[in-house]
Amino acid sequence: MTLSRRQLETLHKMLSLTKSQELTCDECQRNMAEFAETALAGDSIPENLQAIELHLASCGDCEEEFRTLLKALESDEH
Amino acid sequence: MRVNRSNDSWVQDLSSGGAAQDKALTDLRGFLMLALRKPFQDSSGVDHAFLEDATQEALVKVLSSLDKFEGRSRFTTWAISIAVRSAFTELRKRRWKDVSLTDVIENAGGASQIDVDSTLGPEQEVQQKALIDKMYEIINSGLTKKQRDALLAELSGMPLEEIGRRMGSNRNAIYKLTHDARKHLKRALEASGYTLTDVQAAFGG
Ligand SMILES: [Zn+2]
């Protein structure tokens, strides 16, 4: 087994974000709508939603869905 | 597109049965189709039929999980989040359908060994090599096979959902699995005397 330089960089990023407790994808999904509205309003992220931010930085699937949700909401606003 | 309907009336109408439910479903279907169109318009393999299927799937999920809507966002935002997830579940399935987990894991790093950074001095090169070897050692002998497979597939860009499908599991469980793998890797590196700063210096990008 070998990893490419880019994968080692990704792994480093993942390790530096790793916490002993993290939200799972299901928990992230349950809060994603509220988090998206807060982010779009430009409000600071309240403490109870900060774990979502961390999960999104660590999970490609949820991050992709969150970015898409924001795009959908932005087009909804205009 | 704005929908003039309060959260309460969405929930009430969608759970009512009869004409009010039909009307609410028609409204929500139209709303979700419009909402999905913009973000997915440039995605390959996404056409009108795809969006219709994703919307239909989402409506079924919305109806079956109305009791889980806690009112902490607009109802429509919550519904779009469900629709987006449905759309990606199908898209990922299609995009990865011909790729096996074994192929992804075996080709994880590509053919070549990690190129040691040529801008480093000889001493740093040795240090970087030692850290990378330690990392491989932990991945190979400190992680369970499941943890290693899931982590390598994730590092190769395979969606967690697709890893889950191939391991007879699901995305949520795969996230927990790779989270455990990361925690173990971090602890084992630290126990070997490496800090994340060392890792950063070696290949932090
Ligand atoms: Zn996730």
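Here is the naming used below: chain letters follow the sequence lines, and residue numbers restart at 1 for every chain.
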Contacting region of Thr38(A) [heavy-atom separation from chain B under 4.5 Å]:
neither

At what distance, to the nearest 0.5 angstrom, does CE of Met135(B) lie from OG of Ser192(B)?
11.0 Å

Under a 4.5 Å heavy-atom cutoff, which of Met14(A), Glu65(A), Lys19(A) has the most pairs with chain B?
Glu65(A)

For Arg92(B), is it the side chain, the backbone, both or neither that has a heavy atom under 4.5 Å from a heavy atom of chain A?
side chain

OG1/Thr68(A) to CD/Glu63(A) distance, rounded to the nearest 0.5 angstrom?
8.5 Å

Enumerate the residue pairs fulfilling side chain to side chain donor-acceptor pair (under 3.5 Å) with a member in residues 77-88 of chain B, sequence neighbours excluded, ordered by first and then second residue.
Glu37(A)-Thr77(B), Lys61(B)-Ser86(B)

At a 4.5 Å cut-off on heavy atoms, which part of Cys62(A) comes close to chain B: side chain, backbone, both, or neither?
both

With rounding to the nearest 0.5 Å, note down the distance linking OG in Ser16(A) to NZ in Lys186(B).
7.5 Å

Can you tell me which portion of Phe69(B) sits under 4.5 Å from chain A's heavy atoms? Options are side chain, backbone, both or neither.
neither

Counting heavy-atom pairs under 4.5 Å with chain A, which one of Leu151(B), Asp180(B), Val84(B) comes out on top?
Val84(B)

Quick check on Leu23(A) against chain B: is it the side chain, the backbone, both or neither that has a heavy atom closer than 4.5 Å?
backbone

Contact summary for Phe75(B) and Leu14(B), nearest pair of heavy atoms
CZ-CD1, 3.4 Å

One thing to verify: whether Lys134(B) and Glu190(B) come together as a salt bridge, which I'm taking to mean a side-chain N less than 4.0 angstrom from a carboxylate O.
no

Does one side chain, of Thr24(A) or Asn172(B), offer a donor that lies under 3.5 Å from an acceptor on the other?
yes

For residues 155-201 of chain B, pull every pair meeting ring pair (Phe, Tyr, Trp, His ring centres under 6.0 Å), keeping only residues two or more places apart or in separate chains.
His55(A)-Tyr175(B)

Return the option, out of Ala173(B), Pro159(B), Gly157(B), with the maximum number of heavy-atom pairs under 4.5 Å with chain A.
Pro159(B)

For Leu152(B), which atoms come within 4.5 Å of any heavy atom of chain A: side chain, backbone, both, or neither?
side chain

Give the interface residues of residues 160-169 of chain B toward chain A, defined by a heavy-atom separation under 4.5 Å.
Leu160(B), Glu161(B)

State which residues pass salt bridge (Lys or Arg N to Asp or Glu O under 4.0 Å) with Glu52(B); sequence neighbours excluded, sorted by chain then number.
none

Which region of Lys13(A), side chain (C-beta onward) or backbone (N, CA, C, O), has a non-hydrogen atom less than 4.5 Å from a non-hydrogen atom of chain B, or is it both or neither?
neither

With only heavy atoms counted, which part of Lys176(B) is less than 4.5 Å from chain A, the side chain, the backbone, both or neither?
side chain

Could you check Phe40(B) against Phe88(B) for ring pair (Phe, Tyr, Trp, His ring centres under 6.0 Å), going step by step and ending with a plain yes or no?
CA-CA 10 Å; Phe40(B) 284 104; Phe88(B) 271 113; 5.2 Å; yes

Honestly, the part of Ile174(B) sitting under 4.5 Å from a heavy atom of chain A is neither

Asn31(A) and Glu34(A): CA distance, side-chain angles, deciding distance, side chain to side chain contact (heavy atoms under 4.5 Å, CB included) verdict:
CA-CA 6 Å; Asn31(A) 293 286; Glu34(A) 183 186 7; 4.2 Å; yes

Any Lys/Arg nitrogen of Lys23(B) or Asp13(B) sitting under 4.0 Å from an Asp/Glu carboxylate oxygen of the other?
no

Out of Met32(A), Glu64(A), Arg30(A), which one racks up the most heavy-atom pairs below 4.5 Å with chain B?
Glu64(A)

